[in-house]
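So the structure is just underneath, and the comments pick up after that.
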Amino acid sequence: EPLERTGLDHTDLESAVRALDTFVDVRADELVELYRLAVDHAFERHIGLTCGDIMSRDVVTVEFSTPLDEAWTLLRKHRVKALPVVDRYHHLIGVVTVADFLRHIDGNTGSGLGTRLHGLLRRTPGMKSQKAEVVGQIMSAKVHSARLETTVSELVHSMTERPLAHIPVLDEKRHVLGVVTQTDLMAALYKRVALSAA
């Protein structure tokens, strides 16, 4: 994982213990976890941002029954890669992404990508269809979310471990309050570091 590639590993610990020339009564994996927690704490002390500070608040949502062509138009119009899917009470029930659309295009034809995508988006007349017609048929129901008070360090871990490009921010009733994207995260970190160095 990205964070593990740039962090502490067991050889670093062995080298440090040898340099101390003493006995340390802690397992190596416990030392790694101790180091990770200390780094996170230091990061929060210096950065001190939460999801509520950096999220995009003007969130465009769709519903289970939103036709695919309408959802695709919203993705393109707002230049986003994901739309939260909500029920009639505005509770989050899933997320639909550009990748979800691409996964559901017909790969058995010799047509180009654009033609196959157009085939998915074209509404089927009548009551029966052999393909997905609405967002609920292609959305991802398992969604990793955050709260307003979720810290940026927690967010970094979530986005690098899974990996996630966008995380909905919810209240206690699962209403969508905002979305944090990787772009939001990078912009906030850059701004905070730049201001602290000024």
Side-chain angles (χ1 to χ4, degrees), residues 1-10 12-13 29-64 71 74-87 89-103 135 138-198:
E1 294 176 3
L3 285 180
E4 292 178 357
R5 290 198 299 270
T6 58
L8 193 72
D9 66 20
H10 292 275
D12 297 323
L13 289 172
D29 57 336
E30 292 174 332
L31 277 175
V32 170
E33 181 64 10
L34 186 66
Y35 173 80
R36 187 188 70 77
L37 292 171
V39 168
D40 286 350
H41 184 269
F43 179 85
E44 287 305 327
R45 185 162 45 81
H46 291 290
I47 301 297
L49 295 173
T50 65
C51 285
D53 297 321
I54 69 171
M55 70 184 186
S56 302
R57 295 176 183 269
D58 53 341
V59 182
V60 180
T61 63
V62 290
E63 297 183 352
F64 188 100
L74 287 172
L75 285 168
R76 296 193 64 193
K77 177 182 177 182
H78 296 281
R79 297 179 182 175
V80 293
K81 295 180 182 173
L83 297 169
V85 184
V86 297
D87 64 16
Y89 303 107
H90 301 289
H91 301 137
L92 184 74
I93 59 171
V95 65
V96 64
T97 67
V98 170
D100 292 322
F101 279 88
L102 297 179
R103 271 196 294 274
V135 164
I138 70 168
M139 72 177 193
S140 303
K142 287 184 70 174
V143 183
H144 184 82
S145 62
R147 302 289 288 273
L148 285 174
E149 64 274 14
T150 300
T151 63
V152 166
S153 67
E154 293 175 77
L155 204 62
V156 169
H157 284 287
S158 296
M159 287 184 151
T160 55
E161 286 170 5
R162 283 167 177 81
L164 301 167
H166 33 261
I167 296 182
V169 181
L170 311 179
D171 65 13
E172 63 280 354
K173 295 182 179 177
R174 293 189 61 76
H175 294 136
V176 180
L177 302 176
V179 172
V180 177
T181 66
Q182 289 176 339
T183 304
D184 295 325
L185 185 59
M186 287 188 293
L189 292 176
Y190 173 78
K191 184 175 180 181
R192 182 56 61 96
V193 170
L195 285 174
S196 65

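Note that the structure is a prediction, hence the values are computed from the model and not measured.
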Requested in this report: Would you give the length of the straight line joining atom CG of Leu164 to atom CD of Gln182, rounded to the nearest 0.5 angstrom?
Outcome: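 Interatomic distance, Leu164 CG to Gln182 CD, rounded to 0.5 Å: 8.0 Å.
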
Hey, does [Y] have a side-chain heavy atom less than 4.5 Å from the side chain of [X]?
| X | Y | value |
| --- | --- | --- |
| Leu155 | Ile54 | yes |
| Thr150 | Val169 | no |
| Met159 | Ile167 | yes |

Which pair of non-hydrogen atoms, one from [X] and one from [Y], has the smallest distance, and what is that distance?
| X | Y | value |
| --- | --- | --- |
| Val98 | Val80 | CG2-O, 4.4 Å |
| Asp87 | Ile93 | CB-CG2, 4.1 Å |
| Pro84 | Val59 | CG-CG1, 3.7 Å |
| Val85 | Phe64 | CG1-N, 3.7 Å |
| Val135 | Ala71 | CG2-CB, 3.5 Å |

**Report entry** Partner residues of His144 under the ring-ring contact (aromatic ring centres under 6.0 Å, His included) criterion, sequence neighbours left out
**Finding:**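 For His144, no residue satisfies ring-ring contact (aromatic ring centres under 6.0 Å, His included) once neighbours in sequence are set aside.
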
Excluding sequence neighbours, so at least two apart, what forms side chain to side chain donor-acceptor pair (under 3.5 Å) with [X]?
| X | value |
| --- | --- |
| Thr61 | none |
| Thr183 | none |
| Asp171 | His175 |

Query raised in the report: Are Arg174 and Ser145 close enough, and set up right, to give a side chain to side chain contact (heavy atoms under 4.5 Å, CB included), and what steps lead you there?
Result: CA-CA 9 Å; Arg174 293 189 61 76; Ser145 62; 4.3 Å; yes

Query raised in the report: So, Arg147 side chain and Gly52 main chain: donor-acceptor pair closer than 3.5 Å or not?
Result: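 No, the answer is negative, given that no donor and acceptor are paired below the 3.5 Å cut-off.
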
Query raised in the report: After noting the C-alpha distance and the side-chain angles of Met55 and Val180, does the key distance pass the side chain to side chain contact (heavy atoms under 4.5 Å, CB included) rule?
Result: CA-CA 5 Å; Met55 70 184 186; Val180 177; 3.6 Å; yes

Query raised in the report: By side chain to side chain contact (heavy atoms under 4.5 Å, CB included), which residues pair with Pro168, not counting sequence neighbours?
Result: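 Residues passing side chain to side chain contact (heavy atoms under 4.5 Å, CB included) with Pro168: Leu92, Val143, Leu170.
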
Requested in this report: Go through the structure and list residues passing side chain to side chain contact (heavy atoms under 4.5 Å, CB included) with Val60, not counting sequence neighbours.
Outcome: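 Partners of Val60 under the side chain to side chain contact (heavy atoms under 4.5 Å, CB included) test: Leu74, His78, Leu83.
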
**Report entry** Met139 and Val62: CA distance, side-chain angles, deciding distance, side chain to side chain contact (heavy atoms under 4.5 Å, CB included) verdict
**Finding:** CA-CA 11 Å; Met139 72 177 193; Val62 290; over 6 Å; no

